[in-house]
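Report on the structure given below.
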2 protein chains.
Amino acid sequence: MTSFIEPLAQESTPSIIADKLRKAISHGELKPGAQLGEAELARKLGVSRGPLREGMQRLTQEGLLVSIRNRGLFVIDMTPDDVRDMYLAREAIERAASRRIIDGDHEAAGKELLAIVDEMAAAEGDPAAVGELDIAFHERLVKLANSPRLSRMHQTYITETRMCIHALEETYTVSEARIGEHRALAEAIAAGDHLLADDLLMAHMDDAITRLTTR
Amino acid sequence: MTSFIEPLAQESTPSIIADKLRKAISHGELKPGAQLGEAELARKLGVSRGPLREGMQRLTQEGLLVSIRNRGLFVIDMTPDDVRDMYLAREAIERAASRRIIDGDHEAAGKELLAIVDEMAAAEGDPAAVGELDIAFHERLVKLANSPRLSRMHQTYITETRMCIHALEETYTVSEARIGEHRALAEAIAAGDHLLADDLLMAHMDDAITRLTTR
DNA sequence: GGGGTTAACATTGTCGACAATCTACCTATT
DNA sequence: AATAGGTAGATTGTCGACAATGTTAACCCC
């Protein structure tokens with residue numbers, strides 16, 4: 001049991017705003033290319049422009065927003081090149097995460113990941129549910145590595161991933177192969193097989209790229 | 001030759017401020033644990049608190065500053081765990097970069113990297129110069145991968161690296177082994193050897209960790 | 001009709017002031 | 001003497017107003 005007495009970290013307003021904006025972007029409420037009008041957003045969020053601008057700067061640093069001077073901030077438009085680059089970054093992070101997990105308690109971690117894969121299999125008929133579990137799998141993978149830096153970076157790219165998925169929701173289908181890929185990866189991690197996990201992860205990312213860039 | 005006609009991107013004030021702060025942190029002008037008083041900093045930079053706070057939020061997102069509500073922003077204090085985590089992140093990024101370089105024109109890239117190694121060898125007597133070239137090597141490595149996302153993330157960790165080096169400047173020595181490590185890595189990349197480059201990179205990072213955490 | 005100029009509008013960028021909060025010190029009481 | 005309470009100072013958090021810039025559209029001239 002963890003102690004109830006711990007330093008309470010109240011998060012700052014800009015960080016809350018950044019979270020809200022990230023959610024809005026990932027769920028398609030703020031569409032790619034859209035401008036974030038400060039006055040309107042501030043009104044909707046019930047804050048003034050100051051803290052809102054501070055929060056937006058965070059997302060700009062993450063690369064989720066692009067700034068054009070004296071014009072405003074816009075949600076990034078993901079080109080096919082961006083999709084490739086995003087998966088390159090995700091691959092880098094998740095490979096490192098898997099390596100670190102395997103160097104630690106990979107059996108427990110593998111079990112957790114397999115649980116998610118089981119949920120995926122159970123939800124096979126529901127593309128949206130499988131999509132969410134897919135993301136949950138990768139989020140858990142990185143979280144299990146217990147690295148603040150990997151987690152922070154990953155958050156950004158998960159947002160971009162959600163954004164892409166949302167953008168082509170209509171054409172988003174579930175292949176049984178995808179569930180199998182996750183299961184294989186989870187098993188490789190449970191087994192502590194560095195090389196196999198690496199290869200599976202890279203192949204998985206390549207699949208995702210082709211799935212998102214060709215249609 | 002590149003075209004002179006290209007979309008001119010004027011960078012915003014918060015981004016300029018963020019750059020200045022990053023430099024100040026990496027060069028030890030803002031020491032680990034130090035508080036960034038807004039009024040004073042704003043005066044020194046010749047801007048008002050608004051844009052300054054926006055710039056500081058960027059660094060907070062990067063993890064270079066930590067925010068304590070109603071208390072202010074502080075430069076992070078790198079614990080040994082932080083050093084390890086930072087190198088984990090750098091390793092992830094640079095491995096991905098080297099992989100991508102090797103999939104492209106690795107011979108040209110290797111040549112560029114070897115040129116830096118030659119400069120290192122020439123500057124062997126001067127620890128500060130070798131340190132700068134060490135960092136320049138890794139910056140070039142990532143830049144050659146041509147990935148906006150890897151480059152953006154890397155910038156953060158290079159800042160943290162500089163911060164650490166600066167913090168223990170007195171005990172910072174140049175071993176000939178370090179130059180050799182870089183040369184071997186550059187040669188592996190020039191040769192297009194995935195596995196060797198990977199192994200060398202990981203060993204190199206491990207060395208750096210032990211160099212920074214034990215004394 | 002095309003190109004250029006001008007003016008009005010909307011939006012962002014910046015600033016100064018006020019409110020809220022925390023820290024540190026001092027005082028009084030047990 | 002130690003602790004609780006209160007107060008003053010300083011710093012951050014928030015806001016509204018003003019200035020600067022870019023865009024759009026109408027208008028005029030060639």
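Letters A, B, ... mirror the listed sequences (proteins, then strands); counts begin at 1.
For DNA chain C, the span of nucleotides reached by chain A at under 4.0 Å from its heavy atoms goes, 5' to 3', from C:dT11 to C:dT14.
At a threshold of 4.0 angstrom between heavy atoms, the contacts of B:S12 with the nucleic acid are absent. A:G72 comes within 4.0 angstrom of the backbone, heavy atoms only, and of no base. Contacts of A:L36 with the nucleic acid, taken as non-hydrogen atoms under 4.0 Å apart, involve only primed sugar atoms and P, OP1 or OP2. Within 4.0 Å of B:R69, counting heavy atoms only, lie sugar-phosphate atoms of the nucleic acid but no base atom.
Using modelled atom types, one side-chain atom of A:H27 and one backbone atom of A:K23 make a donor-acceptor pair closer than 3.5 Å. A distance-only check finds no donor-acceptor pair linking the side chain of A:E181 to the backbone of A:A203 [under 3.5 Å].
Heavy-atom nearest nucleotides on DNA chain D were determined for B:S67 and for A:R49, and the one closer to the 5' end corresponds to B:S67. Along DNA chain D, the nucleotide nearest B:N70 and the nucleotide nearest A:N70 are compared for position; the residue whose nucleotide lies closer to the 5' end is B:N70.
Between the CD atom of B:Q35 and the C1' atom of D:dT12 there is a distance of 9 Å, rounded to whole Å.
A salt bridge links B:E132 and B:R162; the closest N-O separation between the charged side-chain nitrogens and carboxylate oxygens is under 4.0 Å.
A:T161 places a side-chain heavy atom less than 4.5 Å from the side chain of A:M86.
By the 6.0 Å contact criterion, CD on B:Q155 is enclosed, its count of non-hydrogen atoms from other residues, nucleotides or ligands being greater than 12.
No side-chain donor from either of B:E91 and B:H204 sits under 3.5 Å from a side-chain acceptor of the other.
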